[in-house]
S.K.: 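One structure follows; several queries about it will come next.
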Amino acid sequence: MRKRGVISAEVEIRVPFFDVDSIHVVWHGHYVKYLEQARCELLDALGYNYCAMRASGYAWPVIDLHLRYAQPAQFGQRLVVRAELVEWEHRLKIHYLILDAQTGQRLTRASTEQVAVRIETGEMQLASPAALTEAVRRRLQAMEAPA
């Protein structure tokens with residue numbers, strides 16, 4: 001069983017023609033950009049997107065990527081891509097689901113891991129910078145606050 005994320009975000013994508021092969025199935029490499037769109041939505045929800053990362057002095061390269069294809073996505077299909085934050089104290093680990101928007105059927109499952117690298121020195125950090133951990137803490141607190 002995969003660990004559930006504590007914070008999630010999702011985007012809806014309609015598969016464009018230029019992402020499919022001759023039989024109108026999404027080429028496997030294009031799924032990575034779908035994950036990126038959901039990851040950007042998640043980072044925006046945290047208040048620590050790529051611009052904020054750079055402003056805080058860190059780059060966050062992807063160091064690991066796993067994809068499990070269950071069913072192919074096809075031209076014109078509406079997809080829901082959900083990103084869930086799973087780990088953030090020593091690395092940024094995100095789990096993803098790509099679902100058919102109409103049926104909810106799972107098409108793809110994925111995960112990425114990113115680590116903080118101090119831009120100034122190029123050194124990988126063994127713990128996530130306070131800018132990220134504080135952003136996660138604030139978001140979790142906001143989610144727990146009564147409406």
Side-chain angles (χ1 to χ4, degrees), residues 1-129 131-136 138-140 142-143:
M1 179 91 179
R2 280 169 38 118
K3 187 175 179 181
R4 293 286 301 185
V6 296
I7 301 168
S8 65
E10 59 185 40
V11 295
E12 187 171 305
I13 298 167
R14 183 175 297 274
V15 175
F17 183 74
F18 53 79
D19 280 0
V20 299
D21 60 19
S22 61
I23 58 171
H24 291 212
V25 171
V26 172
W27 176 68
H28 69 277
H30 288 301
Y31 288 83
V32 176
K33 70 181 175 186
Y34 302 161
L35 304 181
E36 180 67 32
Q37 289 177 355
R39 181 169 53 245
C40 285
E41 192 72 22
L42 176 64
L43 296 174
D44 282 344
L46 283 175
Y48 191 63
N49 60 25
Y50 287 119
C51 293
M53 289 175 176
R54 185 175 31 176
S56 70
Y58 296 94
W60 288 81
V62 172
I63 61 164
D64 196 20
L65 165 69
H66 290 273
L67 284 153
R68 167 78 70 187
Y69 304 99
Q71 294 290 321
Q74 300 182 4
F75 170 63
Q77 188 174 15
R78 285 184 14 257
L79 309 175
V80 172
V81 186
R82 181 180 308 133
E84 297 182 354
L85 180 65
V86 177
E87 296 178 27
W88 62 90
E89 293 174 328
H90 300 284
R91 62 186 174 172
L92 192 57
K93 185 169 186 174
I94 301 171
H95 284 171
Y96 307 85
L97 281 175
I98 300 179
L99 309 166
D100 178 277
Q102 185 175 356
T103 66
Q105 179 185 20
R106 183 183 64 176
L107 305 177
T108 306
R109 193 171 62 186
S111 65
T112 57
E113 294 180 17
Q114 295 170 257
V115 293
V117 173
R118 188 180 298 276
I119 293 171
E120 188 176 285
T121 63
E123 291 180 27
M124 185 177 80
Q125 306 300 294
L126 299 178
S128 293
L132 171 66
T133 57
E134 286 299 310
V136 171
R138 284 190 303 272
R139 180 68 176 134
L140 290 172
M143 290 168 53

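Reckoned from all heavy atoms, side chains included, excluding hydrogens, waters and symmetry mates. Residues take their numbers from the sequence shown, with the count starting at 1.
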S.K.: With sequence neighbours excluded, tell me which residues meet side-chain contact (heavy atoms from CB on, under 4.5 Å) with Asp44.
M.R.: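 Checked Asp44 against side-chain contact (heavy atoms from CB on, under 4.5 Å); matches are Asn49.
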S.K.: Determine whether Leu35 and Leu67 make a side-chain contact, defined as any pair of heavy atoms from C-beta on separated by less than 4.5 Å.
M.R.: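 Yes, at least one pair of side-chain atoms sits under 4.5 Å.
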S.K.: So, using side-chain contact (heavy atoms from CB on, under 4.5 Å) as the criterion, who are the partners of Thr103 when residues are at least two apart?
M.R.: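 Thr103 satisfies side-chain contact (heavy atoms from CB on, under 4.5 Å) with Asp100, Gln105 once adjacent residues are dropped.
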S.K.: Just to verify, what does Glu113 make a salt bridge (Lys or Arg N to Asp or Glu O under 4.0 Å) with, not counting sequence neighbours?
M.R.: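 Applying salt bridge (Lys or Arg N to Asp or Glu O under 4.0 Å) to Glu113 gives Arg91, Lys93.
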S.K.: Looking just at side-chain N and O atoms, do Tyr58 and Arg118 make a donor-acceptor pair shorter than 3.5 Å?
M.R.: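 Indeed, the side chains of Tyr58 and Arg118 share at least one donor-acceptor pair under 3.5 Å.
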S.K.: Taking only residues two or more places apart in sequence, or in another chain, which ones meet Glu84 in a salt bridge (Lys or Arg N to Asp or Glu O under 4.0 Å)?
M.R.: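 Counting only residues at least two positions away or on another chain, Glu84 forms a salt bridge (Lys or Arg N to Asp or Glu O under 4.0 Å) with Arg4.
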S.K.: Ile63 and Met124: side chain to side chain contact (heavy atoms under 4.5 Å, CB included), yes or no, with the steps?
M.R.: CA-CA 11 Å; Ile63 61 164; Met124 185 177 80; 5.7 Å; no
S.K.: Apply side-chain hydrogen bond (donor to acceptor under 3.5 Å, both in side chains) to Thr133 and list each qualifying residue two or more places apart in sequence or on a separate chain.
M.R.: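 Partners of Thr133 under the side-chain hydrogen bond (donor to acceptor under 3.5 Å, both in side chains) test: none.
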S.K.: Side chain to side chain contact (heavy atoms under 4.5 Å, CB included), that's the test. Do Leu85 and Arg139 meet it? Break it down for me.
M.R.: CA-CA 12 Å; Leu85 180 65; Arg139 180 68 176 134; over 6 Å; no
S.K.: Output yes when a side-chain donor or acceptor of Gln114 lies under 3.5 Å from a complementary backbone atom of Trp60, and no otherwise.
M.R.: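 Looks like yes, one N/O pair under 3.5 Å.
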S.K.: Closer than 3.5 angstrom, by distance alone: can the side chain of Thr108 be matched with the main-chain N or O of Ile98 as a donor-acceptor pair?
M.R.: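 No, Thr108 side chain to Ile98 backbone: no donor-acceptor pair under 3.5 Å.
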S.K.: Mind running side-chain hydrogen bond (donor to acceptor under 3.5 Å, both in side chains) on Tyr48 and Ser56 for me, showing each step along the way?
M.R.: CA-CA 9 Å; Tyr48 191 63; Ser56 70; 2.8 Å; yes
S.K.: Is the shortest side-chain heavy-atom distance between Gln125 and Leu132 below 4.5 Å?
M.R.: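 No - every pair of side-chain heavy atoms lies 4.5 Å or more apart.
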S.K.: Would the distance check show the side chain of Arg106 and the main-chain N or O of Leu99 forming a donor-acceptor pair, the cut-off being under 3.5 Å?
M.R.: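 Checking the backbone N and O of Leu99 against the side chain of Arg106, no donor-acceptor pair under 3.5 Å is found.
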S.K.: Restricting to pairs with a member in residues 68-87, which pass ring-ring contact (aromatic ring centres under 6.0 Å, His included), not counting sequence neighbours?
M.R.: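 Sorted pair list: Phe17-Phe75, His24-Phe75, Tyr31-Tyr69.
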S.K.: Report the distance from atom CG of Leu97 to atom OG of Ser111, rounding to the nearest 0.5 Å.
M.R.: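 If I round to the nearest 0.5 Å, the distance is 11.0 Å.
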S.K.: Can you name the nearest heavy-atom pair linking Val86 to Gly5, along with the distance?
M.R.: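 Closest approach of Val86 to Gly5, heavy atoms only: CG2-CA, 4.2 Å.
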